[in-house]
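Structure, as structure tokens:
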2 protein chains.
Amino acid sequence: MNEHQSNAEQLILQAARKVFIEKGMEGARMQEIADEAGINKALLHYYFRSKDKLFQAVFLEAFQKFLPQIEMLINSELPFIQKLEIFINNYITIIIENPYIPGFILHELAQNPQRMAELMKNQVVVVPEFLAQLQQEIKNGVIKPFDPRQILINTLALCIFPFVARPIIQAVFFSDNSENYNVFLEQRKVAVYNFIRSAIFIEKP
Amino acid sequence: MNEHQSNAEQLILQAARKVFIEKGMEGARMQEIADEAGINKALLHYYFRSKDKLFQAVFLEAFQKFLPQIEMLINSELPFIQKLEIFINNYITIIIENPYIPGFILHELAQNPQRMAELMKNQVVVVPEFLAQLQQEIKNGVIKPFDPRQILINTLALCIFPFVARPIIQAVFFSDNSENYNVFLEQRKVAVYNFIRSAIFIEKP
DNA sequence: ATTTGATTTAACCAACTGGTCAAAAGTAAA
DNA sequence: TTTACTTTTGACCAGTTGGTTAAATCAAAT
């Protein structure tokens with residue numbers, strides 16, 4: 001039993017991760033995953049019973065990778081300005097490291113909302129306290145009176161969208177040199193923070 | 001030749017639109033499109049030679065539906081505040097009427113960037129003037145000194161994201177009553193405008 | 001009514017898909 | 001070495017897929 005074979009399960013997961021996230025559930029082929037892992041196709045079914053089970057494992061793992069930061073943004077009791085800066089920095093950093101996961105999750109979610117809802121119902125984050133905190137800071141005159149739900153969604157939108165729309169943005173702005181896009185994304189960590197801060201925070205005289 | 005048969009091509013396109021936009025190129029089945037159109041599967045190949053050709057027709061049509069408003073935002077010479085308000089209103093209105101098209105386009109774009117780039121290269125919008133206009137307004141002290149590219153992407157992100165991420169947002173905020181989501185989206189027309197305006201425009205004393 | 005051309009269909013096909021299974025190969029203890 | 005067990009494989013299967021084809025139906029002109 002050499003190292004290569006012994007961790008076949010890890011090899012499979014790694015290959016499945018790549019293929020599923022790149023091609024999606026419908027586009028992925030079991031044979032391609034097997035090839036990518038350098039093993040026989042039957043071995044996939046030996047470790048994971050079906051394509052669906054393997055997909056579940058990949059999806060949940062991908063989903064959970066993005067949860068902790070969101071939980072921090074929602075559940076921490078720091079002032080919102082501080083939470084926001086930390087969140088945007090960490091979140092964009094994570095997405096840069098896993099640029100295809102957001103598109104993957106959103107697409108599978110759209111394909112089968114009710115099933116994905118079941119997969120995620122143990123993962124739920126509680127938002128009411130978050131909304132209450134924002135409402136409080138609005139009452140305190142720290143934040144302009146925007147709907148807290150809109151603020152949360154805007155924050156996520158600004159972080160996630162450039163990755164979901166990467167091909168078209170790159171074609172428009174960086175068609176000559178795609179490496180510049182990474183620079184652009186790096187700049188976004190501070191740009192997005194400044195943008196939201198400028199939008200919602202009331203400047204004290 | 002009754003009306004039902006004579007416009008078979010239109011029936012097919014309508015069915016293809018529905019199935020492709022809902023399931024994507026990979027997920028769509030020619031049989032399902034034929035059933036949806038109420039015709040024989042072979043007739044699909046009679047009017048459109050292949051699944052690919054049919055997909056192309058649907059994709060281009062969908063893509064073009066969103067282009068005019070973006071062109072207006074980019075090419076009109078109105079002051080940016082005015083353009084922005086008109087754009088956001090019209091754009092979100094169009095997406096509400098075609099809520100699944102953004103996800104469809106972004107997904108297919110991500111699946112095959114180079115091919116989609118070819119499909120779109122006749123549709124290109126010219127941005128340099130747009131960037132120059134924003135730069136000028138920054139110089140004039142109308143707009144805060146944000147990177148014009150970031151402003152454009154932020155605007156699109158805030159308009160599009162709630163539709164791409166609809167299932168998860170709905171699960172978190174509107175699990176009890178999904179109709180409320182439409183209300184929320186309607187409110188976004190003004191909310192997004194106020195958000196961006198508050199972020200980038202300099203209040204004159 | 002017959003001819004001519006376009007439209008529509010049922011039956012079919014080769015390629016591919018996820019999945020199965022019995023046998024082989026490997027592993028470690030007795 | 002034999003035994004008992006797990007891991008890995010090649011061959012195979014039934015169902016599905018996009019696509020084809022020859023024949024049938026239809027519509028209009030002669």
Side-chain angles (χ1 to χ4, degrees), chain A residues 1-62 104 107-108 111-112 115-116 119, chain B residues 1-62 104 107-108 111-112 115-116 119:
Chain A
M1 192 189 272
N2 63 46
E3 317 92 60
H4 196 70
Q5 288 169 330
S6 70
N7 50 12
E9 191 167 342
Q10 285 306 313
L11 281 177
I12 292 175
L13 261 178
Q14 194 175 325
R17 225 175 277 143
K18 178 176 176 186
V19 176
F20 272 127
I21 290 175
E22 190 178 313
K23 308 270 179 83
M25 168 68 170
E26 287 276 2
R29 301 283 167 252
M30 294 297 268
Q31 187 59 60
E32 189 180 351
I33 296 176
D35 293 347
E36 180 77 29
I39 54 148
N40 191 284
K41 183 172 64 118
L43 206 57
L44 296 183
H45 293 88
Y46 177 77
Y47 282 102
F48 304 82
R49 275 157 37 99
S50 65
K51 183 185 186 183
D52 209 76
K53 288 269 200 298
L54 185 52
F55 170 80
Q56 257 185 54
V58 171
F59 182 86
L60 265 183
E61 185 193 67
F104 167 68
H107 179 250
E108 300 303 334
Q111 287 303 302
N112 206 336
R115 195 202 150 192
M116 295 300 135
L119 275 184
Chain B
M1 192 189 275
N2 62 46
E3 315 93 60
H4 195 70
Q5 288 168 329
S6 69
N7 50 14
E9 192 167 342
Q10 284 306 314
L11 281 177
I12 292 174
L13 261 179
Q14 194 175 324
R17 225 175 277 144
K18 178 176 175 186
V19 176
F20 272 127
I21 290 176
E22 190 178 313
K23 309 268 180 82
M25 167 68 169
E26 287 276 3
R29 300 285 166 250
M30 294 298 267
Q31 187 59 58
E32 188 180 352
I33 297 176
D35 293 347
E36 181 77 30
I39 52 146
N40 191 285
K41 184 172 65 119
L43 206 57
L44 296 182
H45 293 88
Y46 178 76
Y47 282 101
F48 303 83
R49 276 160 32 104
S50 65
K51 184 185 185 183
D52 209 75
K53 288 268 198 300
L54 186 51
F55 170 79
Q56 256 185 57
V58 170
F59 181 87
L60 266 184
E61 186 192 67
F104 167 68
H107 180 250
E108 299 303 335
Q111 286 304 300
N112 206 337
R115 195 201 149 192
M116 296 299 136
L119 275 185

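Note that these values count all heavy atoms, side chains included, but never hydrogens, waters or copies made by symmetry. Note that the coordinates shown come from a computational prediction; the quantities given were computed from them, not determined experimentally. The sequence lines fix the lettering, A, B, ..., with proteins before strands; numbering per chain opens at 1.
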When you get a sec, tell me which of [options] is the closest nucleotide to the side chain of [X]?
X: B:Ser50; options: C:dC21, D:dT21, D:dG19; value: D:dG19
X: B:His45; options: D:dG19, C:dG18, C:dT8; value: D:dG19
X: A:Met30; options: C:dA10, D:dG18, C:dG18; value: C:dG18
X: A:Tyr46; options: C:dG18, C:dT8, D:dT8; value: D:dT8

Open item on the list: Here's a test of your reading of the structure: between A:Ala42 and B:Asn40, which maps to the more 5' nucleotide of DNA chain C?
Closed with: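 In this pair, the answer is B:Asn40.
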
Open item on the list: Show, in sequence, the C-alpha distance, side-chain angles and deciding distance for A:Glu108 and A:Asn112, and conclude whether the side chain to side chain donor-acceptor pair (under 3.5 Å) test is met.
Closed with: CA-CA 6 Å; A:Glu108 300 303 334; A:Asn112 206 336; over 6 Å; no

TODO: Using modelled atom types only, decide if a donor and an acceptor are shared between the side chain of A:Lys53 and the backbone of A:Tyr47 within a distance under 3.5 Å.
DONE: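 It does not hold such a pair.
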
Task: Donor-acceptor pair, side chain of B:Lys51 and main chain of B:Met25, under 3.5 angstrom - done: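 Checked: pair present.
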
Take the protein atom [atom1] of [X] and the nucleotide atom [atom2] of [N], then report the distance between them rounded to whole Å.
X: B:Gln31; N: C:dC12; atom1: CD; atom2: P; result: 16 Å
X: B:Ile33; N: D:dG18; atom1: CD1; atom2: C1'; result: 11 Å
X: B:Ile39; N: D:dA24; atom1: CD1; atom2: P; result: 21 Å
X: A:Met25; N: C:dG18; atom1: CE; atom2: P; result: 9 Å
X: A:Leu43; N: C:dG18; atom1: CG; atom2: C1'; result: 15 Å
X: A:Asn7; N: D:dT6; atom1: CG; atom2: C1'; result: 16 Å
X: B:Arg49; N: D:dG19; atom1: CZ; atom2: P; result: 10 Å
X: B:Tyr47; N: C:dA6; atom1: OH; atom2: P; result: 12 Å

Open item on the list: Is the ring pair A:Phe104/A:Phe55 parallel, tilted or perpendicular, if the boundaries are 30 and 60 degrees?
Closed with: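 Ring orientation of A:Phe104 relative to A:Phe55: perpendicular.
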
Open item on the list: By the 4.0 Å heavy-atom rule, please label B:Ala34 as base, sugar-phosphate, or nothing.
Closed with: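 Nothing, no heavy atom under 4.0 Å.
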
Open item on the list: Does a side-chain N or O of A:Arg29 approach OP1 or OP2 of C:dG18 to a distance below 4.0 Å, or not?
Closed with: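 Looking at the OP1 and OP2 atoms of C:dG18, one of them is under 4.0 Å from a side-chain N or O of A:Arg29.
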
Task: Pair of N/O donor and acceptor under 3.5 Å linking D:dG18 base with B:Lys41 side chain - done: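 Counting by modelled atom types and ignoring angles, a donor-acceptor contact under 3.5 Å is found here.
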
Open item on the list: As a test of understanding, state which of B:Leu54, B:Asp52, B:Leu60 forms a side-chain contact (heavy atoms from CB on, under 4.5 Å) with B:Gln56.
Closed with: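 By the side-chain contact (heavy atoms from CB on, under 4.5 Å) criterion, B:Gln56 pairs with just one of B:Leu54, B:Asp52, B:Leu60: B:Asp52.
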
